[in-house]
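Bear in mind that the values here come from a model prediction, so they are computed numbers and not experimental data. Numbers restart at 1 for each chain; the letters A, B, ... are given by sequence-line order, proteins then strands.
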There are 2 protein chains.
Amino acid sequence: MALPDTRTKILDAAERLFAEHGYRGTSVRAVTDLAGANLAAVSYHFGSKAELLAAVARRVIEPITAAQCARLDEVLARTPDPPVAELVEAFAGPLFDEMPAGKESGARTSRLIVTILSDPAEEARGWTGPDEDTVRERYLAAFAHALPGLAPQELMFRMRGILAVTAVDRVEVYQQPSPGCVSPVAGEAARQWAITFLTAAMSAPPTRARQ
Amino acid sequence: MALPDTRTKILDAAERLFAEHGYRGTSVRAVTDLAGANLAAVSYHFGSKAELLAAVARRVIEPITAAQCARLDEVLARTPDPPVAELVEAFAGPLFDEMPAGKESGARTSRLIVTILSDPAEEARGWTGPDEDTVRERYLAAFAHALPGLAPQELMFRMRGILAVTAVDRVEVYQQPSPGCVSPVAGEAARQWAITFLTAAMSAPPTRARQ
DNA sequence: ATGTAAGTCAAACGTTCGTTTCAATCGAAT
DNA sequence: ATTCGATTGAAACGAACGTTTGACTTACAT
(Lines give C-alpha, C1' and ligand atoms only; values in the text may rest on other atoms or scores of the structure.)
Protein backbone atom coordinates (compact mmCIF):
# COMPACT_ATOMS: atom_id res chain seq x y z
CA MET A 1 0.00 0.00 0.00
CA ALA A 2 1.41 3.33 -1.05
CA LEU A 3 1.87 6.05 1.54
CA PRO A 4 -0.77 8.76 1.33
CA ASP A 5 0.53 11.89 -0.30
CA THR A 6 0.85 15.15 1.58
CA ARG A 7 -2.43 16.50 0.28
CA THR A 8 -4.37 13.50 1.59
CA LYS A 9 -2.55 13.50 4.92
CA ILE A 10 -3.49 17.15 5.37
CA LEU A 11 -7.12 16.44 4.51
CA ASP A 12 -7.23 13.60 7.05
CA ALA A 13 -5.68 15.70 9.78
CA ALA A 14 -7.90 18.68 9.05
CA GLU A 15 -11.03 16.55 9.04
CA ARG A 16 -10.18 15.25 12.47
CA LEU A 17 -9.22 18.59 14.00
CA PHE A 18 -12.08 20.56 12.47
CA ALA A 19 -14.46 17.95 13.84
CA GLU A 20 -13.00 18.13 17.32
CA HIS A 21 -12.28 21.82 17.73
CA GLY A 22 -14.17 23.61 14.97
CA TYR A 23 -12.86 25.81 12.23
CA ARG A 24 -11.71 28.70 14.35
CA GLY A 25 -10.40 26.39 17.05
CA THR A 26 -8.06 24.64 14.63
CA SER A 27 -4.84 26.31 13.55
CA VAL A 28 -3.10 25.57 10.31
CA ARG A 29 -0.05 24.69 12.31
CA ALA A 30 -1.98 22.07 14.26
CA VAL A 31 -3.15 20.52 11.01
CA THR A 32 0.28 20.34 9.45
CA ASP A 33 1.83 19.06 12.66
CA LEU A 34 -0.69 16.23 12.90
CA ALA A 35 -0.25 15.50 9.23
CA GLY A 36 3.52 15.51 9.52
CA ALA A 37 3.71 18.12 6.80
CA ASN A 38 5.18 21.55 6.47
CA LEU A 39 3.23 24.65 7.41
CA ALA A 40 3.36 26.06 3.91
CA ALA A 41 1.85 22.91 2.42
CA VAL A 42 -1.67 24.11 3.20
CA SER A 43 -1.24 27.27 1.20
CA TYR A 44 0.46 25.37 -1.57
CA HIS A 45 -2.12 22.59 -1.94
CA PHE A 46 -5.32 24.39 -0.99
CA GLY A 47 -4.65 28.10 -1.20
CA SER A 48 -5.96 29.05 2.21
CA LYS A 49 -7.40 27.66 5.44
CA ALA A 50 -10.94 28.43 4.26
CA GLU A 51 -10.42 26.48 1.04
CA LEU A 52 -9.01 23.60 3.07
CA LEU A 53 -12.25 23.52 5.06
CA ALA A 54 -14.24 23.50 1.83
CA ALA A 55 -12.20 20.58 0.54
CA VAL A 56 -12.70 18.65 3.76
CA ALA A 57 -16.42 19.35 3.74
CA ARG A 58 -16.83 18.27 0.14
CA ARG A 59 -15.02 15.02 0.75
CA VAL A 60 -17.27 14.23 3.71
CA ILE A 61 -20.60 15.29 2.25
CA GLU A 62 -20.25 13.81 -1.21
CA PRO A 63 -20.75 10.11 -0.39
CA ILE A 64 -23.60 10.95 1.97
CA THR A 65 -25.46 12.86 -0.71
CA ALA A 66 -24.81 10.05 -3.18
CA ALA A 67 -26.18 7.46 -0.76
CA GLN A 68 -29.30 9.51 -0.06
CA CYS A 69 -29.89 9.79 -3.78
CA ALA A 70 -29.35 6.08 -4.42
CA ARG A 71 -31.62 5.00 -1.59
CA LEU A 72 -34.39 7.27 -2.82
CA ASP A 73 -34.04 5.69 -6.26
CA GLU A 74 -34.41 2.24 -4.73
CA VAL A 75 -37.48 3.24 -2.73
CA LEU A 76 -39.18 4.91 -5.67
CA ALA A 77 -38.41 1.93 -7.90
CA ARG A 78 -40.26 -0.30 -5.45
CA THR A 79 -43.34 1.88 -5.15
CA PRO A 80 -44.36 5.26 -6.49
CA ASP A 81 -46.04 6.06 -3.16
CA PRO A 82 -43.42 5.32 -0.50
CA PRO A 83 -44.53 5.60 3.11
CA VAL A 84 -43.01 8.20 5.41
CA ALA A 85 -41.03 5.61 7.34
CA GLU A 86 -39.12 4.51 4.25
CA LEU A 87 -38.36 8.08 3.24
CA VAL A 88 -37.07 8.87 6.71
CA GLU A 89 -34.83 5.84 6.68
CA ALA A 90 -33.53 6.61 3.20
CA PHE A 91 -32.75 10.20 4.10
CA ALA A 92 -31.46 9.84 7.66
CA GLY A 93 -29.78 6.47 7.27
CA PRO A 94 -26.75 7.67 5.30
CA LEU A 95 -26.13 10.34 7.91
CA PHE A 96 -25.46 7.51 10.35
CA ASP A 97 -23.76 5.07 8.04
CA GLU A 98 -21.28 6.98 5.99
CA MET A 99 -17.69 7.14 6.96
CA PRO A 100 -16.03 8.89 4.02
CA ALA A 101 -12.45 8.78 5.17
CA GLY A 102 -12.95 5.06 5.63
CA LYS A 103 -10.61 4.87 8.57
CA GLU A 104 -12.04 5.58 12.00
CA SER A 105 -15.25 5.68 14.00
CA GLY A 106 -18.17 7.08 12.08
CA ALA A 107 -19.18 9.46 14.83
CA ARG A 108 -16.49 11.90 13.86
CA THR A 109 -17.99 12.42 10.45
CA SER A 110 -21.30 13.55 11.87
CA ARG A 111 -19.51 15.67 14.38
CA LEU A 112 -17.72 17.39 11.56
CA ILE A 113 -20.93 18.04 9.67
CA VAL A 114 -22.58 19.53 12.70
CA THR A 115 -19.57 21.60 13.55
CA ILE A 116 -19.45 22.99 10.05
CA LEU A 117 -23.19 23.57 9.73
CA SER A 118 -23.51 25.30 13.08
CA ASP A 119 -20.25 27.22 12.91
CA PRO A 120 -20.88 30.94 12.96
CA ALA A 121 -17.74 31.52 10.88
CA GLU A 122 -18.60 32.73 7.41
CA GLU A 123 -15.92 30.50 5.96
CA ALA A 124 -17.88 27.48 7.10
CA ARG A 125 -20.66 28.21 4.62
CA GLY A 126 -20.88 28.50 0.89
CA TRP A 127 -19.18 25.22 0.04
CA THR A 128 -22.43 23.34 -0.75
CA GLY A 129 -22.80 22.27 -4.33
CA PRO A 130 -25.79 21.68 -6.58
CA ASP A 131 -25.96 18.00 -5.60
CA GLU A 132 -27.10 18.76 -2.08
CA ASP A 133 -29.83 21.05 -3.38
CA THR A 134 -31.02 18.43 -5.86
CA VAL A 135 -31.28 15.71 -3.24
CA ARG A 136 -33.13 18.00 -0.88
CA GLU A 137 -35.62 18.98 -3.56
CA ARG A 138 -36.26 15.35 -4.44
CA TYR A 139 -36.92 14.36 -0.84
CA LEU A 140 -39.05 17.45 -0.36
CA ALA A 141 -41.26 16.36 -3.23
CA ALA A 142 -41.43 12.77 -1.98
CA PHE A 143 -42.40 13.83 1.53
CA ALA A 144 -44.95 16.29 0.16
CA HIS A 145 -46.53 13.42 -1.76
CA ALA A 146 -46.54 11.15 1.29
CA LEU A 147 -47.93 13.90 3.54
CA PRO A 148 -50.77 15.58 1.67
CA GLY A 149 -52.32 18.51 3.47
CA LEU A 150 -49.05 19.61 5.08
CA ALA A 151 -48.17 23.22 4.30
CA PRO A 152 -44.84 23.61 2.47
CA GLN A 153 -43.44 25.74 5.25
CA GLU A 154 -44.29 23.20 7.92
CA LEU A 155 -42.77 20.48 5.75
CA MET A 156 -39.57 22.51 5.54
CA PHE A 157 -39.62 22.84 9.29
CA ARG A 158 -39.86 19.08 9.66
CA MET A 159 -37.07 18.43 7.17
CA ARG A 160 -34.83 20.66 9.22
CA GLY A 161 -35.94 18.67 12.24
CA ILE A 162 -34.50 15.51 10.69
CA LEU A 163 -31.11 17.13 10.29
CA ALA A 164 -31.30 18.57 13.77
CA VAL A 165 -31.99 15.26 15.46
CA THR A 166 -29.39 13.23 13.59
CA ALA A 167 -26.85 16.00 14.01
CA VAL A 168 -27.17 17.05 17.62
CA ASP A 169 -27.36 13.46 18.77
CA ARG A 170 -23.98 12.79 17.28
CA VAL A 171 -22.59 15.91 18.88
CA GLU A 172 -23.28 14.64 22.33
CA VAL A 173 -21.85 11.25 21.55
CA TYR A 174 -18.58 13.07 21.23
CA GLN A 175 -18.89 15.11 24.39
CA GLN A 176 -18.37 13.58 27.75
CA PRO A 177 -21.63 12.44 29.34
CA SER A 178 -22.86 14.80 32.01
CA PRO A 179 -22.50 13.35 35.49
CA GLY A 180 -25.36 11.28 36.74
CA CYS A 181 -27.14 10.94 33.46
CA VAL A 182 -27.36 7.99 31.15
CA SER A 183 -24.59 8.22 28.63
CA PRO A 184 -25.64 8.30 25.00
CA VAL A 185 -25.26 5.09 23.08
CA ALA A 186 -23.49 5.20 19.77
CA GLY A 187 -23.99 3.14 16.70
CA GLU A 188 -26.88 0.98 15.68
CA ALA A 189 -29.15 1.69 18.65
CA ALA A 190 -29.05 5.44 18.13
CA ARG A 191 -29.78 4.92 14.47
CA GLN A 192 -32.88 2.87 15.23
CA TRP A 193 -34.07 5.32 17.86
CA ALA A 194 -33.65 8.18 15.43
CA ILE A 195 -35.69 6.40 12.77
CA THR A 196 -38.46 5.72 15.29
CA PHE A 197 -38.37 9.25 16.63
CA LEU A 198 -38.30 10.93 13.24
CA THR A 199 -40.85 8.71 11.54
CA ALA A 200 -43.39 9.52 14.24
CA ALA A 201 -42.53 13.20 14.04
CA MET A 202 -42.75 13.41 10.26
CA SER A 203 -46.01 11.49 10.25
CA ALA A 204 -47.74 13.90 12.62
CA PRO A 205 -50.93 15.46 11.27
CA PRO A 206 -50.62 19.07 10.12
CA THR A 207 -50.68 21.70 12.83
CA ARG A 208 -54.10 23.34 13.08
CA ALA A 209 -54.20 27.09 13.21
CA ARG A 210 -54.70 28.38 16.74
CA GLN A 211 -58.33 28.35 17.69
CA MET B 1 -34.54 55.61 33.14
CA ALA B 2 -31.02 55.27 34.42
CA LEU B 3 -28.25 54.49 32.00
CA PRO B 4 -27.07 50.92 32.22
CA ASP B 5 -23.75 50.56 33.94
CA THR B 6 -20.63 49.36 32.18
CA ARG B 7 -21.01 45.81 33.37
CA THR B 8 -24.53 45.52 31.93
CA LYS B 9 -23.56 47.22 28.68
CA ILE B 10 -20.75 44.71 28.24
CA LEU B 11 -23.10 41.80 28.96
CA ASP B 12 -25.57 43.09 26.37
CA ALA B 13 -22.91 43.57 23.73
CA ALA B 14 -21.32 40.21 24.43
CA GLU B 15 -24.66 38.41 24.29
CA ARG B 16 -25.30 39.86 20.86
CA LEU B 17 -21.85 39.20 19.43
CA PHE B 18 -21.46 35.71 20.89
CA ALA B 19 -24.84 34.85 19.37
CA GLU B 20 -23.90 36.17 15.96
CA HIS B 21 -20.27 35.10 15.63
CA GLY B 22 -19.67 32.53 18.33
CA TYR B 23 -17.19 32.59 21.18
CA ARG B 24 -14.05 32.33 19.15
CA GLY B 25 -15.37 34.63 16.46
CA THR B 26 -15.93 37.45 18.92
CA SER B 27 -12.99 39.49 20.17
CA VAL B 28 -12.94 41.28 23.46
CA ARG B 29 -12.27 44.46 21.55
CA ALA B 30 -15.42 44.00 19.48
CA VAL B 31 -17.44 43.60 22.68
CA THR B 32 -16.05 46.68 24.38
CA ASP B 33 -16.37 48.73 21.19
CA LEU B 34 -20.03 47.82 20.81
CA ALA B 35 -20.59 48.44 24.50
CA GLY B 36 -18.85 51.79 24.36
CA ALA B 37 -16.54 50.67 27.13
CA ASN B 38 -12.81 50.36 27.58
CA LEU B 39 -10.94 47.23 26.60
CA ALA B 40 -9.74 46.61 30.14
CA ALA B 41 -13.27 46.68 31.50
CA VAL B 42 -13.81 43.04 30.60
CA SER B 43 -10.87 41.88 32.66
CA TYR B 44 -11.88 44.19 35.48
CA HIS B 45 -15.55 43.19 35.70
CA PHE B 46 -15.41 39.55 34.65
CA GLY B 47 -11.80 38.43 34.93
CA SER B 48 -11.46 36.92 31.49
CA LYS B 49 -13.25 36.38 28.20
CA ALA B 50 -14.25 32.86 29.25
CA GLU B 51 -15.85 34.14 32.45
CA LEU B 52 -17.68 36.78 30.44
CA LEU B 53 -19.17 34.00 28.34
CA ALA B 54 -20.22 32.15 31.47
CA ALA B 55 -21.91 35.28 32.81
CA VAL B 56 -23.76 35.82 29.53
CA ALA B 57 -24.84 32.18 29.43
CA ARG B 58 -26.10 32.25 32.99
CA ARG B 59 -28.14 35.38 32.39
CA VAL B 60 -29.78 33.80 29.35
CA ILE B 61 -30.41 30.33 30.70
CA GLU B 62 -31.67 31.23 34.15
CA PRO B 63 -35.18 32.51 33.27
CA ILE B 64 -35.66 29.66 30.82
CA THR B 65 -34.89 27.08 33.47
CA ALA B 66 -37.17 28.88 35.91
CA ALA B 67 -40.04 28.91 33.42
CA GLN B 68 -39.61 25.21 32.65
CA CYS B 69 -39.73 24.48 36.34
CA ALA B 70 -42.80 26.65 36.95
CA ARG B 71 -44.73 25.17 34.05
CA LEU B 72 -44.00 21.64 35.21
CA ASP B 73 -45.35 22.61 38.63
CA GLU B 74 -48.55 23.89 37.03
CA VAL B 75 -49.01 20.76 34.95
CA LEU B 76 -48.38 18.42 37.87
CA ALA B 77 -50.75 20.42 40.07
CA ARG B 78 -53.51 19.85 37.53
CA THR B 79 -52.97 16.12 37.17
CA PRO B 80 -50.47 13.61 38.53
CA ASP B 81 -50.43 11.85 35.14
CA PRO B 82 -49.83 14.57 32.56
CA PRO B 83 -49.97 13.53 28.91
CA VAL B 84 -46.89 13.76 26.74
CA ALA B 85 -48.22 16.75 24.82
CA GLU B 86 -48.41 18.89 27.94
CA LEU B 87 -44.93 17.90 29.04
CA VAL B 88 -43.53 18.75 25.63
CA GLU B 89 -45.20 22.14 25.68
CA ALA B 90 -44.02 22.87 29.20
CA PHE B 91 -40.44 21.93 28.39
CA ALA B 92 -40.06 23.30 24.88
CA GLY B 93 -42.30 26.34 25.24
CA PRO B 94 -39.92 28.44 27.33
CA LEU B 95 -37.19 27.82 24.78
CA PHE B 96 -39.32 29.76 22.32
CA ASP B 97 -40.79 32.33 24.65
CA GLU B 98 -38.04 33.61 26.82
CA MET B 99 -36.20 36.76 25.98
CA PRO B 100 -34.05 37.31 29.04
CA ALA B 101 -32.44 40.58 28.05
CA GLY B 102 -35.93 41.87 27.45
CA LYS B 103 -34.84 44.10 24.64
CA GLU B 104 -34.76 42.62 21.18
CA SER B 105 -36.07 39.82 19.04
CA GLY B 106 -36.26 36.52 20.85
CA ALA B 107 -34.54 34.60 18.07
CA ARG B 108 -31.17 35.86 19.18
CA THR B 109 -31.51 34.21 22.55
CA SER B 110 -31.99 30.79 21.05
CA ARG B 111 -29.22 31.46 18.61
CA LEU B 112 -26.96 32.17 21.54
CA ILE B 113 -27.91 29.00 23.32
CA VAL B 114 -27.26 26.91 20.24
CA THR B 115 -24.00 28.65 19.56
CA ILE B 116 -22.84 28.00 23.07
CA LEU B 117 -24.05 24.41 23.26
CA SER B 118 -22.54 23.42 19.93
CA ASP B 119 -19.36 25.44 20.27
CA PRO B 120 -16.34 23.16 20.25
CA ALA B 121 -14.46 25.60 22.46
CA GLU B 122 -13.89 24.18 25.91
CA GLU B 123 -14.67 27.55 27.43
CA ALA B 124 -18.23 27.23 26.16
CA ARG B 125 -18.92 24.38 28.55
CA GLY B 126 -18.87 23.98 32.26
CA TRP B 127 -21.03 26.96 33.12
CA THR B 128 -24.20 24.97 33.80
CA GLY B 129 -25.43 25.04 37.36
CA PRO B 130 -27.39 22.62 39.51
CA ASP B 131 -30.71 24.17 38.46
CA GLU B 132 -30.44 22.87 34.91
CA ASP B 133 -29.70 19.38 36.15
CA THR B 134 -32.64 19.48 38.55
CA VAL B 135 -35.09 20.55 35.86
CA ARG B 136 -33.83 17.88 33.50
CA GLU B 137 -34.18 15.19 36.13
CA ARG B 138 -37.74 16.27 36.91
CA TYR B 139 -38.80 16.20 33.26
CA LEU B 140 -37.01 12.92 32.77
CA ALA B 141 -39.10 11.40 35.58
CA ALA B 142 -42.32 12.92 34.25
CA PHE B 143 -41.71 11.64 30.73
CA ALA B 144 -40.72 8.22 32.04
CA HIS B 145 -44.05 8.08 33.87
CA ALA B 146 -45.98 9.17 30.79
CA LEU B 147 -44.12 6.73 28.54
CA PRO B 148 -43.96 3.39 30.36
CA GLY B 149 -42.01 0.72 28.55
CA LEU B 150 -39.49 3.15 27.07
CA ALA B 151 -35.91 2.27 27.95
CA PRO B 152 -34.09 5.02 29.88
CA GLN B 153 -31.48 5.37 27.19
CA GLU B 154 -34.04 5.81 24.45
CA LEU B 155 -35.82 8.38 26.62
CA MET B 156 -32.56 10.29 26.98
CA PHE B 157 -32.18 10.17 23.23
CA ARG B 158 -35.63 11.68 22.79
CA MET B 159 -34.99 14.42 25.35
CA ARG B 160 -31.94 15.44 23.41
CA GLY B 161 -34.12 15.42 20.32
CA ILE B 162 -36.31 18.12 21.86
CA LEU B 163 -33.34 20.38 22.39
CA ALA B 164 -32.04 19.61 18.94
CA VAL B 165 -35.25 20.55 17.17
CA THR B 166 -35.90 23.75 19.08
CA ALA B 167 -32.28 24.76 18.79
CA VAL B 168 -31.36 24.05 15.21
CA ASP B 169 -34.59 25.52 13.96
CA ARG B 170 -33.70 28.82 15.51
CA VAL B 171 -30.24 28.63 14.03
CA GLU B 172 -31.54 28.68 10.51
CA VAL B 173 -33.93 31.48 11.27
CA TYR B 174 -30.85 33.57 11.75
CA GLN B 175 -29.03 32.42 8.65
CA GLN B 176 -30.04 33.62 5.27
CA PRO B 177 -32.47 31.25 3.54
CA SER B 178 -30.79 29.16 0.90
CA PRO B 179 -31.82 30.20 -2.60
CA GLY B 180 -34.92 28.60 -4.00
CA CYS B 181 -36.16 27.14 -0.75
CA VAL B 182 -38.99 28.22 1.46
CA SER B 183 -37.60 30.52 4.09
CA PRO B 184 -38.22 29.49 7.67
CA VAL B 185 -40.94 31.29 9.53
CA ALA B 186 -40.15 32.74 12.90
CA GLY B 187 -42.31 33.20 15.92
CA GLU B 188 -45.59 31.59 16.82
CA ALA B 189 -45.93 29.31 13.79
CA ALA B 190 -42.55 27.68 14.39
CA ARG B 191 -43.47 27.22 18.00
CA GLN B 192 -46.70 25.41 17.12
CA TRP B 193 -44.97 23.28 14.50
CA ALA B 194 -42.31 22.29 16.98
CA ILE B 195 -44.91 21.24 19.56
CA THR B 196 -46.69 19.14 16.95
CA PHE B 197 -43.45 17.61 15.68
CA LEU B 198 -42.05 16.85 19.10
CA THR B 199 -45.25 15.58 20.67
CA ALA B 200 -45.61 12.99 17.92
CA ALA B 201 -41.94 12.07 18.21
CA MET B 202 -41.98 11.72 21.99
CA SER B 203 -45.19 9.68 21.87
CA ALA B 204 -43.75 7.10 19.47
CA PRO B 205 -43.85 3.52 20.77
CA PRO B 206 -40.53 2.12 21.97
CA THR B 207 -38.14 0.91 19.30
CA ARG B 208 -38.24 -2.86 19.00
CA ALA B 209 -34.93 -4.67 18.93
CA ARG B 210 -33.94 -5.64 15.40
CA GLN B 211 -35.52 -8.91 14.35
C1' DA C 1 24.44 15.43 -17.93
C1' DT C 2 21.02 19.08 -18.17
C1' DG C 3 16.77 21.63 -17.78
C1' DT C 4 12.26 22.03 -15.88
C1' DA C 5 8.44 21.75 -13.12
C1' DA C 6 6.51 20.16 -8.74
C1' DG C 7 6.96 19.79 -4.15
C1' DT C 8 9.10 20.65 0.41
C1' DC C 9 11.45 23.32 3.85
C1' DA C 10 12.85 26.83 7.56
C1' DA C 11 12.16 31.41 8.42
C1' DA C 12 9.96 35.50 8.56
C1' DC C 13 6.04 38.75 7.53
C1' DG C 14 2.36 41.77 9.50
C1' DT C 15 -1.82 41.40 12.10
C1' DT C 16 -4.81 40.34 15.77
C1' DC C 17 -5.58 38.28 19.96
C1' DG C 18 -6.35 38.18 25.48
C1' DT C 19 -4.37 40.18 29.12
C1' DT C 20 -1.76 43.43 32.04
C1' DT C 21 0.06 47.75 33.63
C1' DC C 22 -0.28 52.05 35.73
C1' DA C 23 -1.81 56.63 35.81
C1' DA C 24 -6.10 59.42 35.76
C1' DT C 25 -10.75 60.08 37.35
C1' DC C 26 -14.82 59.72 40.05
C1' DG C 27 -17.93 59.57 44.36
C1' DA C 28 -18.70 59.46 48.87
C1' DA C 29 -17.14 59.23 53.73
C1' DT C 30 -14.09 61.67 56.88
C1' DA D 1 -10.70 69.93 51.60
C1' DT D 2 -8.86 65.38 51.90
C1' DT D 3 -8.60 60.63 51.74
C1' DC D 4 -9.55 56.17 49.80
C1' DG D 5 -11.58 52.48 47.29
C1' DA D 6 -13.85 51.73 42.94
C1' DT D 7 -13.78 52.44 38.19
C1' DT D 8 -12.05 54.04 33.72
C1' DG D 9 -8.42 55.34 30.40
C1' DA D 10 -4.48 54.86 26.94
C1' DA D 11 -0.80 52.09 25.98
C1' DA D 12 1.81 48.23 25.77
C1' DC D 13 2.87 43.14 26.56
C1' DG D 14 3.96 38.49 24.63
C1' DA D 15 1.83 34.91 22.15
C1' DA D 16 -0.47 32.86 18.35
C1' DC D 17 -2.49 33.42 14.06
C1' DG D 18 -2.73 32.94 8.45
C1' DT D 19 0.09 33.78 4.88
C1' DT D 20 4.29 34.62 2.03
C1' DT D 21 8.98 34.24 0.66
C1' DG D 22 12.93 32.22 -1.49
C1' DA D 23 16.13 28.63 -1.39
C1' DC D 24 16.46 23.68 -1.59
C1' DT D 25 15.24 18.89 -3.08
C1' DT D 26 13.13 15.57 -5.92
C1' DA D 27 11.61 13.26 -10.24
C1' DC D 28 11.56 12.97 -14.92
C1' DA D 29 11.93 14.32 -19.91
C1' DT D 30 15.38 15.85 -22.92
Return yes if some donor-acceptor pair links the side-chain N/O of T26(B) with the main-chain N/O of L17(B) below 3.5 Å, else return no. yes

State whether E51(A) and R58(A) are salt-bridged, where the test is any N-O pair (Lys NZ or Arg NE/NH1/NH2 against Asp/Glu carboxylate O) under 4.0 Å. no

Does H45(B) make a side-chain N or O approach to OP1 or OP2 of dT8(D) shorter than 4.0 Å? yes

In this structure, CG of N38(A) is separated from OH of Y44(A) (nearest 0.5 Å) by 12.5 Å

Using whole Å, report how far CZ of R29(B) lies from P of dG18(C). 7 Å

Without decimals, in angstroms, what is the distance between L53(B) CG and dT19(C) P? 12 Å

Out of dT21(C), dT7(D), dT21(D), minimum distance to the side chain of A40(A) belongs to dT21(D)

Whole angstroms only, please: what is the CD-C1' distance between E51(A) and dT20(D)? 15 Å

Output the single nucleotide from dA12(D), dT19(D), dT7(D) whose closest atom is nearest the side chain of L39(B). dA12(D)

Hey, are D133(A) and R136(A) close enough for a salt bridge, meaning a charged N less than 4.0 Å from a carboxylate O? yes

Rounded to the Å, how far apart are D33(B) CG and dA10(D) C1'? 14 Å

Closest nucleotide among dT19(C), dT7(D), dT19(D) to the S43(B) side chain: dT19(C)

When you measure from the side chain of E154(B) to the backbone N and O of P206(B), does any donor-acceptor pair fall under 3.5 Å? no

In whole angstrom, give the distance that lies between atom NZ of K49(A) and atom P of dG18(D). 4 Å

Look at N38(A) and dA10(C) and indicate whether a side-chain polar atom (N or O) is within less than 4.0 Å of OP1 or OP2. yes

Nearest-Å distance for atom pair OH/P, residues Y44(B) and dA23(C): 17 Å

Return the value, rounded to whole Å, for the distance between atom CZ of R24(A) and atom P of dG18(C). 11 Å

Find which nucleotide of DNA chain C each of V28(B) and A37(A) is nearest to by heavy atoms, and output the residue with the more 5' nucleotide. A37(A)

Is S27(B) close enough to dT16(C) that one of its side-chain N or O atoms is under 4.0 Å from OP1 or OP2 there? no

Just how far, in rounded Å, is P of dG18(C) from CG of L52(B)? 11 Å

Considering every strand and a 4.0 Å limit on heavy-atom distances, what is the contact class for T32(B): base, sugar-phosphate, or nothing? nothing

Any side-chain N or O of T6(A) below 4.0 angstrom from OP1/OP2 of dT8(C)? yes

